[in-house]
There are 2 protein chains.
Amino acid sequence: MNTLPDKTVERLSQYRRNLLICKGKGKTHIFSHEIANIHHITPVQVRRDIMLIGYTGTLRKGYNVEELVTLIGEILDKQEGQNVAIVGAGNLGHAIMKYFHDRRDKLSIAAAFDTSEEKVGSEFDGIPIYHIDDLQTVIKEKNISIGIVSVPVEVAEETSKALVEAGVLGILNYTPRPMNVPDNVYLEEYDMITSLEKVAYFAKIMNEK
Amino acid sequence: MNTLPDKTVERLSQYRRNLLICKGKGKTHIFSHEIANIHHITPVQVRRDIMLIGYTGTLRKGYNVEELVTLIGEILDKQEGQNVAIVGAGNLGHAIMKYFHDRRDKLSIAAAFDTSEEKVGSEFDGIPIYHIDDLQTVIKEKNISIGIVSVPVEVAEETSKALVEAGVLGILNYTPRPMNVPDNVYLEEYDMITSLEKVAYFAKIMNEK
DNA sequence: TCAATTTTGTTATTTATTGAACACTATTCA
DNA sequence: TGAATAGTGTTCAATAAATAACAAAATTGA
């Protein structure tokens, strides 16, 4: 299987989540236009995404929800599972821990890191919080391959370095400072301030018309 | 001024943030390749973004930091300012409040909403927390035009309806449920689970090579 | 003073992503 | 039984975004 387009990967993740809800409601089959409606995109887009992962539906019945969910899992997930660490257990870190915990069986948050004396040693939602100084050891010990960075911006750079050195393969950066990682580490950055300023800009524009 | 490309708007917001840091360090001029390095993009991209907003630098001196910041402000910001509301004062809501508070003078978080009895009536970081039932009134009273949604997914849909009805022009949706808003409201959605699954997928792929 | 260099502004090309078009077939229903 | 319909799979066209290419001008330094 060749590497899928970025956007297709994002949509597959979203399809899966909603397909699971449909399955929970007892739906066994679903049409491309139903999936499209949920996500506010076109049915063509849905069909093509599904084509790209090599699944094929039944004519006039649509796609088998269960099979599709399973296949998306085979594509997106690593079968042995992947462990995730959250660096920075502030409000954002806690929000993420709550969000993810026990949601996905192939993706589990195995550790959080912080510097605050009161947090270190405790648990949140069953996730142990370690001191940042132990990052290298814990990441290797727990076989963690993905790091989520929600530290204050001042320590963003050193955090990325530490994660790379510890050997993670993917980083999700929530600080506003762009990171610099080697080619063999996948980096995804998200900046809340930018998002808000973007909404503000387009809301303003909208108003001017 | 015609409406700028999506991605250019995002980058302008990021340029500005880093330009302010440069300005703070006493830098008066900056080259396109310096900006590019900070953001890990090409100098051409930077120059074209700047071209699109109609600014022009000095040959061999680069761009005047102060002027550029001012111009980006004129493009992105609404001169009278815009007020923002956060709906859902859980961990994520608090993270956002902390993040933004007093960062931008033209964009201010004027209210937060929640249902929890203990939170309602209190303040966080100087931002008053109201009961969701008062959303319509407060949004109109305080002239709020942008809503950030960080409520539990189950109430995402009703929240979007309430915001639209209250007359906001832009919504930033942090719940994983896609929203449905009329054409005259700008909607930006961000889904953390998708981001993490995307990182996990590409980290996996990376590893397989 | 005048070639060399640096860095901008802009156009042209390429690549990525989305959307439109359409052929094909299982089912429906007259 | 045999048109009509609904919905898939796929190719082709349009749009959006990023990169490459290059002309023009200010500065440098011989």
Side-chain angles (χ1 to χ4, degrees), chain A residues 1-15 19 22 27-65 67-68 71 178 186-189 194 198 201-202 205, chain B residues 1-15 19 22 27-65 67-68 71-72 75 178 186-189 194 198 201-202 205:
Chain A
M1 161 74 55
N2 231 328
T3 144
L4 296 166
D6 239 65
K7 295 295 169 72
T8 295
V9 172
E10 291 179 12
R11 282 189 298 266
L12 287 173
S13 156
Q14 287 161 355
Y15 296 163
L19 287 170
C22 291
K27 214 168 156 64
T28 62
H29 288 76
I30 193 165
F31 297 124
S32 63
H33 66 258
E34 292 178 292
I35 300 180
N37 281 342
I38 296 172
H39 300 281
H40 308 121
I41 56 178
T42 66
V44 191
Q45 183 102 256
V46 174
R47 292 207 298 275
R48 209 186 14 212
D49 287 334
I50 291 177
M51 184 185 92
L52 286 174
I53 60 171
Y55 183 66
T56 149
T58 319
L59 214 55
R60 274 183 100 85
K61 271 196 178 170
Y63 304 96
N64 179 308
V65 175
E67 284 177 14
L68 190 48
L71 184 58
Y186 180 84
L187 173 65
E188 170 88 9
E189 311 204 284
T194 289
K198 184 179 167 191
Y201 171 77
F202 284 108
I205 291 292
Chain B
M1 161 74 53
N2 231 327
T3 144
L4 297 166
D6 239 67
K7 294 296 168 71
T8 295
V9 172
E10 291 179 12
R11 282 189 298 264
L12 287 172
S13 157
Q14 286 161 357
Y15 297 163
L19 288 170
C22 292
K27 212 168 159 63
T28 63
H29 288 76
I30 193 165
F31 296 125
S32 62
H33 67 258
E34 292 178 293
I35 300 180
N37 281 342
I38 296 172
H39 300 281
H40 308 121
I41 56 177
T42 66
V44 192
Q45 183 101 258
V46 174
R47 293 207 297 277
R48 217 195 9 205
D49 287 335
I50 292 176
M51 183 187 92
L52 286 175
I53 60 171
Y55 183 65
T56 149
T58 319
L59 214 56
R60 274 184 98 85
K61 272 197 179 168
Y63 304 96
N64 179 308
V65 176
E67 284 176 16
L68 189 48
L71 184 58
I72 293 178
I75 301 288
Y186 181 83
L187 173 65
E188 171 89 9
E189 311 204 284
T194 288
K198 185 179 168 189
Y201 171 76
F202 285 108
I205 291 291

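A, B, ... follow the sequence lines: proteins, then strands. Residue 1 opens every chain. Note that the coordinates shown come from a computational prediction; the quantities given were computed from them, not determined experimentally.
Summarising the geometry, the separation between CG on L52(B) and C1' on dT8(C) is reported as 15 Å, rounded to the nearest angstrom. Between Q45(A) atom CD and dG9(D) atom P there is a gap of 15 Å when expressed in whole angstrom units. Here dA23(D) presents its P atom at 14 Å from CZ of R47(B), a figure rounded to the nearest Å. If you take NE2 of H33(A) and P of dG19(C), they are 17 Å apart, rounded to a whole angstrom. What separates CD1 of I50(B) from C1' of dT7(C) is a distance of 12 Å, to the nearest Å. Rounded to an integer number of Å, the gap from D49(A) CG to dT18(C) C1' is 11 Å. F31(B) has its CZ atom 11 Å from the C1' atom of dT8(C), to the nearest Å. The CG atom of N64(B) sits 13 Å away from the P atom of dT8(C) (whole-angstrom rounding).
Using a 4.5 Å heavy-atom cutoff, the side chains of Y55(A) and N64(A) are in contact. In this structure, the side chains of H39(B) and V46(B) stay at 4.5 Å or more apart for every pair of heavy atoms.
Put simply, T42(A) has a side-chain N or O that comes within less than 4.0 Å of OP1 or OP2 on dG19(C). For the pair T56(B) and dG9(C), the criterion of a side-chain N or O lying under 4.0 Å from OP1 or OP2 is met.
Partners of R48(A) by salt bridge (charged side-chain N to carboxylate O under 4.0 Å, His left out), not counting sequence neighbours: none found.
Using a 4.0 Å heavy-atom cutoff across all strands shown, S32(A) reaches sugar-phosphate atoms only and no base atom. Within the 4.0 angstrom heavy-atom criterion, no nucleotide atom of any strand lies near P43(B).
Proximity note for V44(A) (side chain, C-beta onward) versus dA20(D), dA21(C), dG9(D): the nearest is dA21(C). For R60(A), taking side-chain heavy atoms from C-beta onward, the closest of the listed nucleotides dA20(D), dT7(C), dA6(D) is dA6(D).
Salt bridge annotation for K7(B)-D49(B): absent, with no cationic side-chain nitrogen under 4.0 angstrom from a carboxylate oxygen.
Not a single donor-acceptor contact under 3.5 angstrom links the side-chain atoms of R48(B) to the base of dT8(C).
Each of L59(A) and I41(A) has a nearest nucleotide on DNA chain C; the 5'-most of these lies closest to I41(A).
Ring pair F202(A)/Y186(B) is parallel by interplanar angle, where below 30° counts as parallel and above 60° as perpendicular.
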